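Remember, predicted model here, so these are calculated numbers, not experimental data. Computed from heavy atoms alone, side chains included, the values below leave out hydrogens, waters and symmetry copies. Quick note on labels: first sequence line is chain A, next is B, and so on, each numbered from 1.
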Amino acid sequence: MTEVATEAAVSASEIPPFRYTAELANRIEAQWQDYWEEHGTFQAPNPVGPLADPDHPRAGAPKLYVADMFPYPSGAGLHVGHPLGYIGTDSYCRYQRMIGRNVLHPMGFDAFGLPAEQYAVQTGTHPRKTTEENVERYRGQLRRLGLAYDDRRSIATTDVPFYRWTQWIFLQIFNSWYDRNAGGGAGKARPIAELIAEFESGTRPTPDGRAWSTLTDVERRKIVDDHRLAYVSEAPVNWCPGLGTVLANEEVTADGRSDRGNFPVFKRNLKQWMMRITAYGDRLIEDLESLDWPEPIKLMQRNWIGRSTGAHIDFPTSAGPVRVFTTRPDTVFGATYLVLAPEHELVEALAPKVWPADTRPAWTGGHDTPGEAISAYRKYAAAKTDEERIADAKEKTGVFTGAYATNPVNGAQIPVFVADYVLAGYGTGAIMAVPGQDERDWDFAEVFELPIIRTVQPSEGFDGKAYVGDGPAINSSSPQGFSLDGMGVVDAKKAIIEWLEANGHGAGATTYRLRDWLFSRQRYWGEPFPIVYDQTGLPVALPESMLPVELPEVEDFSPKTYDPDDADTDPETPLSRARDWVEVELDLGDGPKRYTRETNVMPQWAGSCWYELRYLDPTNDQAFVDPANERYWMGPQAADGDCGGVDLYVGGAEHAVLHLLYARFWHKVLFDLGHVSSFEPFRKLINQGYIQAYAYTDERGRYVPAEEVEERDGHFYYDGAEVRREYGKMGKSLRNVVTPDDMCAQYGADTFRVYEMSMGPLEVSRPWETRAVVGAQRFLQRVWRALVDEQTGASRVVDEPADEDTRRILHRVISGVRDDMEGLRFNTAIAKLIELANRITGMAGNGTPREVADPLVRMVSPFAPHVAEELWRRLGHEDTVAYVDFPVADPALLRVESVTYPVQVNGKVRGRIEVAADAEQDAVREAALAAVAETLAGREPRKVIVVPGRMVSVVV
RNA sequence: GCCCCGGUAGCCCAACGGUAGAGGCGACGCGCUCAAACCGCGUUCGGUGCGGGUUCGAGUCCCGCCCGGGGUACCA
């Protein structure tokens, strides 16, 4: 390794031949990257299996498992924003390895996805080819940054040996049901065979009460299928015949057309695979308590799941009872009307032929009959785009159905409305409106001249409209003598729910905003389902022995398209046209039969729901992970309810809800079935900030290349003309992309790493400024120069001891850097290292004492590993610096002999005293009073506060 | 509208409730140099978005605003 620098001598005569330039950095970096690869330096030993290695220096050591949210390998490659988190976790892992942990830090690729498929549709290039090329490009870019991954564990979700296990997990989920009574009341997933056994033995009644033995085979299968955690259901989706596919909400424009191609999109029910995530709603909320996650992310998950507790109440009508959900059953005496969502199924049955006699003009919307009014309103509501609904939210609209309902608690006849502020998909799609205690209901009641009854006494001085606070119930007595009056909200809720249940008018209930997860996609580039259909049309799981189900080759990657306006068409997926793959003869235990394969594929989320488990045992072909390996890396650490999981998971906040919720769900299913010992996948989570960038527009508003813009006196110029500065996401369209490749070429990977880590805390978003990178380079150059003579390449390290001051600074820095590393405060750790480097730079001529050079190199190595390796070798070591001990501060050198105390009088600094560090408080007090005697001018201090080691405050 | 996060020097950022400044960028000066670059040394600049409060003491805690960023969409 030492011969590297000799070649540097030939270039640019003015630069000292052995200066740490970008060119030299690049050479060092390439050599050490090769070294690490050849030596498998960052391979982490497993307890068991082929990746076990009892001779490894960290075999059996306390473990640390750190993971990054893996990237989708897009065609554009990485820009400088992507590696921020990766460099952070890498620096952290390198530090942890040096303090003795067995560190697992893998990286993989979320490689299924739409862009490769769309590219295939356009060009005919197989998505696998595009994907693999992109993965290779990413691997190269990441390697160039010196990230210390265990490369034996690099997986891509598109690898057949990987998705074989994705399919296996799907089968586990398909072959399970959620038993609400198991798991000590919280419920848990159990094998479907146990459910069937309960039906067979009669311990569990069938839904309609008939004996299991009298049911046909198909009837039995349907009952069982209704319990599965993965099931087929009709689900409303955005069907786009013009594209032949179902679209995600974000692919549909505000006016109900496809983003791509501008075709009409129809809301339609289609047969889809669903995952019963709602069964886990409670546990997904409650187990958040055990997670070390940012509070905002937990909050977002709680809100997304949206558990609300309250009651269902039935309001009798001529068309049967209307069931409403309310969180405030205690206010039922104040329910002065009902509101149904426009799509509610009872709306038509409720509406009479003509308006009742006392219908107010405001209620009819100007229509002659309830039927006309309702159909007009439905049309109006359906035509509104989401954006319009948001804009109109303040304006309450609706129409009277012409029908009345009976308030079960007091017999009052109350009108029934339809209005779009009630959503079909939430609760029961119907509410009891209590304007006295709900702002939206109040607004609606004002527009439609409906009565308002307060049933909670507002607090003193309240002058608003709806009162949503606590207070005693009023106006809440029924003619039959039942009363809530005087009770607080909590007691009144309890009392009314008891009354509803006792009298058959309703029951306490909990609802969730969370819905079951739509799990199928009409695409090609995803995991095939391990499912076939028999003659009955019901799904049949393939046995484990038939995995993997590999994607077949197809002629055409695009789905069949239709007349864009023909809503009555059905998706025909790319797989469905591979007829000799779809039609298959199999022996599933009862002789060879004909089956039809499922032709949907899984969504991109599937692979990311469990990849953190596969890193643990990537070569295992007997299990998705060996239990011993899972227990070691992810198992619970403490006896008292630790959830286990990845020790540190770092990624962007944009995955706060979907990815993190889906992955938690899958993990909990695997936990319930006994496949993993941890009940959460990610114990600690950090969201890294985004790196944003300035962009510049010229006078015509066009973006100009940001890197060619010059700044003069606070103004910006491009090609001589002044341009305007904006701030935004880094991207092609803003012409402000900076790539890590450019930074490496220009400065070297170590400089780039140090810069990204020093520019602020990991969690904070900040603007990129290439101009400032040079600071990091100067720092590394000073470190280099402290150890290597720039003119001769000779060592500048001497064996003389350091002076006392330098030694104290060194140990203070060691202590501080350790604290910062533990707390992931890389920016302040680097600041301390710069301080130390600046100190020894100042000592100049006499050489750098080994006792400083050695720990400095060790401490720099997590951030700038290549140059640290090179310098470590120059210090005379044969091996990598990766496994040497991180320096430990000598407590004796951290002690200070004397302390300067500022002395405040009434909050203003009036003097200073210098006292011994171990001085008694009384002595400090006396010295302080003496120091400010002049200011005190004889006044007697009322109070003297001595803050040990900090300051003295005198109050007069 | 609601919920989060943030506002400290020209810029990026530090600061257990204890003298507002660790580090970097920029600018300026000095040294080195024929001169410059590089390098080294040094200097500059704010009282912490605004208004109250708690406290001996507030950038830090509390209340009310303002500005910027993110999330969300009438959730009964």
Indicate syn or anti for B:G10, taking the glycosidic torsion and treating anything within 90° of 0 as syn.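 Base orientation: anti.
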Base paired to [N] (Watson-Crick or G-U; both N/O distances under 3.5 angstrom):
{"N": "B:U43", "value": "B:A27"}
{"N": "B:G21", "value": "B:C13"}
{"N": "B:U72", "value": "B:G1"}

Base, sugar-phosphate alone, or nothing: which one does [X] contact when heavy atoms must sit under 4.0 Å apart?
{"X": "A:S953", "value": "base"}
{"X": "A:I834", "value": "sugar-phosphate"}
{"X": "A:V764", "value": "sugar-phosphate"}
{"X": "A:M951", "value": "base"}
{"X": "A:N838", "value": "sugar-phosphate"}
{"X": "A:E790", "value": "nothing"}
{"X": "A:R812", "value": "nothing"}
{"X": "A:P761", "value": "sugar-phosphate"}

Taking the [atom1] atom in each of [N] and [M], what is the distance between them to the nearest angstrom?
{"N": "B:G24", "M": "B:A14", "atom1": "C1'", "result": "11 Å"}
{"N": "B:G53", "M": "B:A15", "atom1": "C1'", "result": "24 Å"}
{"N": "B:G64", "M": "B:G70", "atom1": "P", "result": "25 Å"}
{"N": "B:C30", "M": "B:A20", "atom1": "P", "result": "33 Å"}
{"N": "B:U19", "M": "B:G59", "atom1": "C1'", "result": "14 Å"}
{"N": "B:U55", "M": "B:C25", "atom1": "C1'", "result": "38 Å"}
{"N": "B:G10", "M": "B:A27", "atom1": "C1'", "result": "9 Å"}
{"N": "B:C12", "M": "B:G1", "atom1": "C1'", "result": "34 Å"}

How close or far is atom C1' of B:C13 from atom NZ of A:K832, stated in whole angstroms? 13 Å
Going by the angle between their ring planes, with limits at 30° and 60°, are A:F752 and A:W768 parallel, tilted or perpendicular? tilted
Can you identify which nucleotide, out of [options], has its nearest atom closest to the [X] side chain?
{"X": "A:T828", "options": "B:A22, B:G18, B:C75", "result": "B:A22"}
{"X": "A:V947", "options": "B:A22, B:G18, B:C74", "result": "B:G18"}
{"X": "A:R513", "options": "B:C13, B:A22, B:A73", "result": "B:A73"}
{"X": "A:R766", "options": "B:C12, B:C39, B:U19", "result": "B:C12"}
{"X": "A:R19", "options": "B:G71, B:C38, B:G26", "result": "B:C38"}
{"X": "A:M759", "options": "B:C38, B:C12, B:A22", "result": "B:C12"}
{"X": "A:T900", "options": "B:A22, B:U19, B:G40", "result": "B:U19"}
{"X": "A:R778", "options": "B:C74, B:G26, B:C11", "result": "B:G26"}
{"X": "A:K943", "options": "B:C56, B:G26, B:A22", "result": "B:C56"}

Decide yes or no, distance alone: a donor-acceptor N/O pair under 3.5 angstrom between the base of B:U19 and the side-chain of A:R912.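 Per atom types, the contact qualifies.
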Does any N or O donor sit under 3.5 Å from an N or O acceptor when you compare the side chain of A:D420 with the base of B:C74?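 By the distance-only test, yes, there is a pair.
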Checking the side chain of A:R753 only, and the main-chain atoms of A:F863 only, is there a donor and an acceptor separated by less than 3.5 Å?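 The answer is yes, because a donor-acceptor pair under 3.5 Å joins these two groups.
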Does A:Q437 use its side chain to pair, donor to acceptor, with the backbone of A:T455 at less than 3.5 Å?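 Yes: the side chain of A:Q437 pairs with the backbone of A:T455.
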Any [X] side-chain nitrogen or oxygen under 4.0 Å from OP1 or OP2 of [N]:
{"X": "A:Q781", "N": "B:C39", "answer": "yes"}
{"X": "A:R950", "N": "B:G57", "answer": "no"}
{"X": "A:R785", "N": "B:G40", "answer": "yes"}
{"X": "A:R440", "N": "B:G1", "answer": "no"}

Identify, between A:P948 and A:R782, the residue whose nearest nucleotide on RNA chain B lies closer to the 5' end.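 The residue closer to the strand's 5' end, by nearest nucleotide, is A:P948.
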Comparing A:D438 and A:V955 on RNA chain B - which has the more 5′ nearest nucleotide: A:V955
Taking every non-hydrogen atom, the tightest pair across A:Y337 and A:D441: OH-O, 2.9 Å
Does a side chain donor of either A:D443 or A:Y421 reach within less than 3.5 Å of an acceptor in the other side chain?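 No - no donor-acceptor pair under 3.5 Å links their side chains.
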If we check side-chain contact (heavy atoms from CB on, under 4.5 Å) with A:V416, which of these qualifies: A:L346, A:V347, A:L340?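 It is A:L340; the other options fail the test.
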Ion pair A:D314/A:R323, N-O distance below 4.0 Å: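 A salt bridge links A:D314 with A:R323.
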Could you give me the CA-CA distance, side-chain angles and deciding distance for A:D750 and A:Y20, then say whether side-chain contact (heavy atoms from CB on, under 4.5 Å) is met? CA-CA 11 Å; A:D750 282 333; A:Y20 181 71; 3.7 Å; yes
